[in-house]
Amino acid sequence: MNERFHEAQDELLTGLLRTIVARLPVGEEPEWLVERVLSSVVDRFFTVDSPIGRMYVGVGLRGVRFVQRGGSPEDFARSYRERFKRLLVEGTDTPTRNLTEKVATALAGKRVEVSLDLSETTPFQRRVLEVVKSIPRGEVRPYSWVAREVGSPKASRAVGTALANNPVPLLVPCHRVVKNDGRVGNYAFGAGEKARLLKLEGVSLDEIVRTPYIAACTTKIVCYATCRNVGRIHPENRRPFRSVREALIAGYRSCRVCRPVVT
DNA sequence: AGGGTGACAGCGT
DNA sequence: TACGCTGCCACCC
C-alpha cells in the first residue's frame, strides 16, 4: 500500500469520527464518549468451553452475533470482520466477563436469556432461528415442524439451509431439529456431533425412531415423544403412535404445547 | 412385514 | 442459478 492510500484512509477515518462526535449528545464524560465512539465500529469477542469444544463468541452492542469453533483468534477476527464489516478485539472489560459467564451457564443447560443480534440474517432465517430458540433442552422437533411454525409448511428443506447458516450455534439450538422420522439429520459440525450433543441432553434418538409419537389414552392427546408433557403421562396410560394421522383417526387430538405436524 | 433406497416436489437464497 | 442440516412415496427385497 502506498502513502497516498494511507493518507486517504486517515482522512476518511478522521471525517467519520468527527461526524460521530458531532452527533453525540453533549455534557457526557469523555471516557463515555471514547467508549461510545469505539463501540460504534468495534465489537468484542471471548472464548467459552462447550460440549463440542472451545468456541469463539463475537458480541456487539445489541448482543451475540457470531459463534464459531476452532481456528486462531486472528482467524475468527478476520471472518468476523468480513461478515459484519466491523473490527473485533478481545473483550476484557467487566460487561464482557459477565456475558462470558452467562453464555457458559447457558451452554451448561441453564435457562438464562442471552441477547442475540440476528440483524445480519434474512427475515426467513430470523424467523427460523427465533422458533428454534424455543425448543427446550431435552426435546427435539422435526424440520417440517419448524417450517410450519414459521408459516411456510412446505419449506422444510429451506429450514435446513437456514440452520446450516446459523450464526450462533448452540445458543440457537439447531442441533435439536431432526428429521421427521427421528433420524438425526445433518449438522454444521457433523451428524456425529449432533447425535452426541442430543445424547448429552438426554434425548434417545433410538426411542424416537421406534415411537415418534406418544399419546395419553386418558386425555386423548397425542405429543411428540420428547414433549415435556409426555413425562407426566402415567406409563401404563401411554400409547405409542407411528404418525399423528393414526392417532387422530383413533380419536386423539394434537397437544397444544408441542403442536405435532399432521402430515 | 418393514427397513433401505432413489426420484422428485418444493422452498429460500 | 443450482443447490441443500428435508419430506414423501413408490418400489425393492
Side-chain angles (χ1 to χ4, degrees), chain A residues 50-53 55 65-70 79 82-85 107 116-201 203-214 222-227 239-250 254 258-263:
Chain A
S50 85
I52 56 174
M55 311 293 282
R65 312 179 82 182
F66 201 39
V67 173
Q68 192 174 270
R69 180 177 77 166
S79 52
E82 273 172 26
R83 187 171 179 136
F84 300 103
K85 315 291 178 210
L107 294 188
L116 303 175
D117 179 358
L118 303 175
S119 56
E120 297 296 310
T121 61
T122 67
F124 177 80
Q125 189 182 14
R126 195 151 46 238
R127 288 205 304 279
V128 167
L129 296 174
E130 288 298 338
V131 163
V132 171
K133 188 152 70 83
S134 75
I135 305 174
R137 185 185 179 82
E139 300 188 26
V140 294
R141 296 289 178 271
Y143 291 93
S144 54
W145 178 85
V146 178
R148 203 257 338 253
E149 291 289 305
V150 301
S152 308
K154 296 181 198 164
S156 6
R157 196 156 186 179
V159 167
T161 307
L163 293 182
N165 297 311
N166 176 11
V168 287
L170 299 178
L171 291 180
V172 167
C174 57
H175 59 282
R176 294 179 192 149
V177 183
V178 299
K179 290 203 172 199
N180 213 11
D181 58 9
R183 287 178 312 181
V184 67
N186 235 318
Y187 191 48
F189 301 117
E193 292 282 45
K194 186 171 177 180
R196 224 168 45 74
L197 271 172
L198 289 176
K199 193 170 199 173
L200 219 55
E201 300 188 347
V203 176
S204 166
L205 290 172
D206 291 342
E207 272 180 39
I208 295 172
V209 172
R210 226 175 305 130
T211 63
Y213 306 95
I214 309 279
V222 59
C223 300
Y224 282 123
T226 61
C227 174
R239 298 288 180 272
F241 279 98
R242 204 160 272 292
S243 74
V244 183
R245 184 167 296 277
E246 274 180 44
L248 294 185
I249 290 169
S254 294
C258 63
R259 299 185 292 278
V261 173
V262 186
T263 50

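Proteins get letters first, then strands, A, B, ... in listed order; numbering begins at 1 in each. This is a predicted model, so every value here is computed, not measured.
Near DNA chain B, defined here as any heavy-atom distance below 4.0 Å, the residues from residues 134-154 of chain A are A:Ser152, A:Lys154, listed numerically. Annotation: proximity of residues 158-173 of chain A to DNA chain C (heavy atom, distance under 4.0 Å) is found for A:Ala158, A:Gly160, A:Thr161, A:Leu163, A:Ala164, numbered in ascending order.
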Stepwise side chain to side chain contact (heavy atoms under 4.5 Å, CB included) test for A:Tyr213 and A:Val244: CA-CA 7 Å; A:Tyr213 306 95; A:Val244 183; 3.4 Å; yes
I'd like to know whether A:Glu130 forms a side chain to side chain contact (heavy atoms under 4.5 Å, CB included) with A:Leu118, so could you lay out the CA-CA distance, the side-chain angles of the two residues, the decisive distance to 0.1 Å, and finally the verdict. CA-CA 9 Å; A:Glu130 288 298 338; A:Leu118 303 175; 3.8 Å; yes
Run A:Leu205 and A:Leu198 through side chain to side chain contact (heavy atoms under 4.5 Å, CB included) and show every step you take. CA-CA 8 Å; A:Leu205 290 172; A:Leu198 289 176; 4.1 Å; yes
Criterion side chain to side chain contact (heavy atoms under 4.5 Å, CB included) on A:Phe124 and A:Val150, from CA distance to verdict: CA-CA 8 Å; A:Phe124 177 80; A:Val150 301; 4.0 Å; yes
All N/O contacts under 3.5 Å from nucleotides 5-8 of chain B to the protein, with atom names and distances to one decimal?
none

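Counting to the nearest Å, the C1' atom of B:dG2 and the CG atom of A:Asp181 are 13 Å from each other. Computed from coordinates, the A:Phe124 CZ to B:dC11 P distance equals 11 Å when rounded to whole Å.
No hydrogens or angles considered: a donor-acceptor pair under 3.5 Å links the side chains of A:Asp117 and A:Ser119.
Panel note: side chain A:Arg245, backbone A:Val262; no donor-acceptor pair is recorded below 3.5 Å.
Stems are defined here as 3 or more consecutive Watson-Crick or G-U wobble pairs with pairing distances under 3.5 Å; those involving DNA chain C are B:2-6 with C:9-13, B:11-13 with C:2-4.
Taking the salt bridge (charged side-chain N to carboxylate O under 4.0 Å, His left out) definition, one finds that A:Arg183 meets it with A:Asp181, sequence neighbours left out.
With DNA chain C read from its 5' end, the first of the two nearest nucleotides for A:Ala188 and A:Asn180 is the one closest to A:Ala188.
A salt bridge links A:Arg259 with A:Glu149: at least one charged nitrogen is closer than 4.0 Å to a carboxylate oxygen. Under the 4.0 Å criterion applied to side-chain N and carboxylate O atoms, A:Arg137 and A:Glu139 are not assigned as salt-bridge partners. Under the 4.0 Å criterion applied to side-chain N and carboxylate O atoms, A:Arg83 and A:Glu120 are not assigned as salt-bridge partners. A salt bridge links A:Glu201 with A:Arg176: the distance from a Lys NZ or Arg NE/NH1/NH2 to an Asp or Glu carboxylate oxygen falls below 4.0 Å.
We find the CD1-SG distance between A:Ile214 and A:Cys223 to be 9.0 Å, quoted to the nearest 0.5 Å. Interatomic distance, A:Arg69 CZ to A:Ser50 OG, rounded to the nearest 0.5 Å: 8.0 Å.
Contact check for A:Thr226 versus A:Arg141: side-chain heavy atoms found under the 4.5 Å cut-off. Between A:Leu197 and A:Lys194 the shortest side-chain heavy-atom distance does not fall below 4.5 Å.
Counting 5' to 3', DNA chain C first comes under 4.0 angstrom of a heavy atom of chain A and last does so at the ends given by C:dG4 to C:dC8.
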